[in-house]
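This report concerns only the one structure given below.
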Amino acid sequence: MTIHPVRRAAKPRYPDSYSVEADRALLSCRPSRWAYAPLVGSVLAATLVLSGCVSPPAGASFGPHTASPSTTPTLSPTIAPAAGPSGTPASKVARVPLFEYGKGAGAIGCVSVSSPAFLSEEEAYDVLAQECEAAGVPLAKEEEDRTAVRPVMNLYLTAQESVLSTQSGTVRVDAEVAGVPVVYVSRQDVEDWRDPKPTRMTSVTGYDMKSAAASLLENNEGFAVLYDPSGYGEMKRPADDMDKARAQAEDEARVKALEDLRRQVRAFLDWLRAEGVI
């Protein structure tokens with residue numbers, strides 16, 4: 001037998017559910033002896049769990065969570081905005097609700113076939129500016145850090161909640177709408193608020209912007225919070241070209257995320273009208 005060098009090789013990938021559905025013969029690649037050795041299967045399952053390459057345990061999800069009891073005192077600071085143009089003091093809007101449009105969570109790692117479409121702070125401000133201009137509502141761009149009680153985030157897919165606790169710190173106010181400060185919770189914010197000493201790390205990094213936003217509103221007063229509504233696009237199957245299908249799913253996810261954020265802003269403006277601020 002003559003040995004020839006390999007000049008070009010396909011990039012190795014994790015087999016995904018779409019590949020298996022397209023070619024069921026992949027299941028036959030498992031060593032037949034494993035079927036008769038339950039212990040081997042158990043060890044393999046444990047290995048996958050420890051490496052973070054499996055879905056979170058039962059009862060854990062990467063959606064909205066209720067914050068665990070705080071390990072630090074909750075100060076509930078108030079960020080007091082100026083009076084609105086209608087004459088109603090904007091400081092009376094002490095508790096602004098969370099406008100829930102969009103999943104607001106996504107993970108990067110071996111649990112995701114296509115990447116979630118995270119929206120940057122610049123994209124979020126563009127949406128806010130467009131909607132305020134269309135509604136004739138005054139908008140001022142802000143980039144100021146203010147004291148607040150912020151969440152401590154769990155970035156790993158474990159049985160723990162996304163929000164582990166709270167602590168005193170600062171949050172960046174991104175804009176003021178009719179005198180009401182607005183904070184946009186992005187993927188980078190969740191990264192910055194991560195637990196500095198995690199008890200467990202995996203190969204999957206998850207970002208739960210929606211839960212972080214809910215925690216901010218629960219523990220602070222006097223400002224509104226919008227969150228990155230990003231989620232995953234739907235993969236069309238069966239797909240002849242997985243790379244093309246993945247890119248298409250990510251594009252669709254971005255379009256949906258922008259629309260969900262636009263719905264958050266519109267709901268916020270409607271709420272300000274109902275409160276008499278605008």
Side-chain angles (χ1 to χ4, degrees), residues 52 55-77 79 95-109 111-112 115-121 123-124 148-174 181-202 204-232 253 256-257 260-261 263-265 267-268 271:
S55 299
S61 64
F62 234 58
H65 294 294
T66 301
S68 302
S70 174
T71 57
T72 58
T74 300
L75 303 180
S76 296
I79 300 180
R95 292 288 181 183
V96 183
L98 181 64
F99 306 103
E100 301 185 44
Y101 293 100
K103 180 179 180 181
I108 296 176
V111 296
S112 60
S115 299
F118 296 113
L119 301 181
S120 67
E121 293 177 352
E123 290 174 303
V149 175
R150 68 187 191 192
V152 177
M153 302 300 296
N154 169 34
L155 299 189
Y156 303 104
L157 288 175
T158 66
Q160 294 174 299
E161 302 287 357
S162 295
V163 178
L164 299 176
S165 61
T166 58
Q167 65 178 16
S168 297
T170 60
V171 295
R172 172 63 58 90
V173 174
D174 299 289
V182 177
V183 175
Y184 173 69
V185 178
S186 65
R187 167 191 168 183
Q188 187 58 52
D189 289 323
V190 174
E191 176 78 28
D192 293 341
W193 302 338
R194 68 187 181 278
D195 182 7
K197 296 180 179 180
T199 57
R200 175 183 174 188
M201 299 179 68
T202 70
V204 178
T205 305
Y207 303 92
D208 193 344
M209 290 75 67
K210 187 175 182 179
S211 292
S215 177
L216 279 178
L217 289 174
E218 181 181 355
N219 294 289
N220 299 277
E221 295 181 351
F223 61 88
V225 178
L226 305 174
Y227 64 90
D228 182 351
S230 296
Y232 300 95
K256 185 179 186 306
D260 283 335
L261 181 57
R263 294 169 71 188
Q264 287 184 43
V265 174
F268 170 48
W271 186 84

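- Contact check for Val185 versus Val190: side-chain heavy atoms found under the 4.5 Å cut-off.
- The backbone N or O of Pro151 sits nowhere less than 3.5 Å from a side-chain atom of Thr166 that would complete a donor-acceptor pair.
- Ring geometry for Phe268 versus Phe99: interplanar angle of 30 to 60°, hence tilted.
- Note that OG of Ser215 is 8.5 Å distant from CH2 of Trp193, once rounded to the nearest 0.5 Å.
- In this structure, the side chains of Tyr156 and Asn154 come closer than 4.5 Å at one or more pairs of heavy atoms.
- Side-chain polar atoms of Gln188 and Asp192 form a donor-acceptor pair below 3.5 angstrom.
- In this structure the side chain of Lys210 never reaches within 4.5 angstrom of the side chain of Lys103, judged on heavy atoms.
- When the side-chain hydrogen bond (donor to acceptor under 3.5 Å, both in side chains) test is applied to Arg172, the partners found at least two apart in sequence or on another chain are Asp145.
- The side-chain hydrogen bond (donor to acceptor under 3.5 Å, both in side chains) check on Asp195 picks up nothing, with sequence neighbours excluded.
- Listed by chain and residue number, nothing satisfies the side-chain hydrogen bond (donor to acceptor under 3.5 Å, both in side chains) test with Glu121 (two or more places apart in sequence, or in another chain).
- The shortest distance between side-chain heavy atoms of Leu164 and Met153 does not fall below 4.5 Å.
- Although no hydrogens or angles enter the test, the distance criterion places a donor-acceptor pair under 3.5 Å between the side chain of Asn220 and the main chain of Val149.
- Between the side chain of Asp189 and the backbone N or O of Ser186, at least one donor-acceptor pair lies under 3.5 Å.
- Using modelled atom types, one side-chain atom of Tyr227 and one backbone atom of Tyr101 make a donor-acceptor pair closer than 3.5 Å.
- Across all non-hydrogen atoms, the minimal contact from Val96 to Phe223 is CG2-O, 3.7 Å.
- Inter-residue side-chain proximity for Tyr207 and Ile108 is flagged as met; some heavy-atom pair is nearer than 4.5 Å.
- The minimum heavy-atom distance between Arg95 and Leu217, with the atom names listed, is NH1-O, 2.8 Å.
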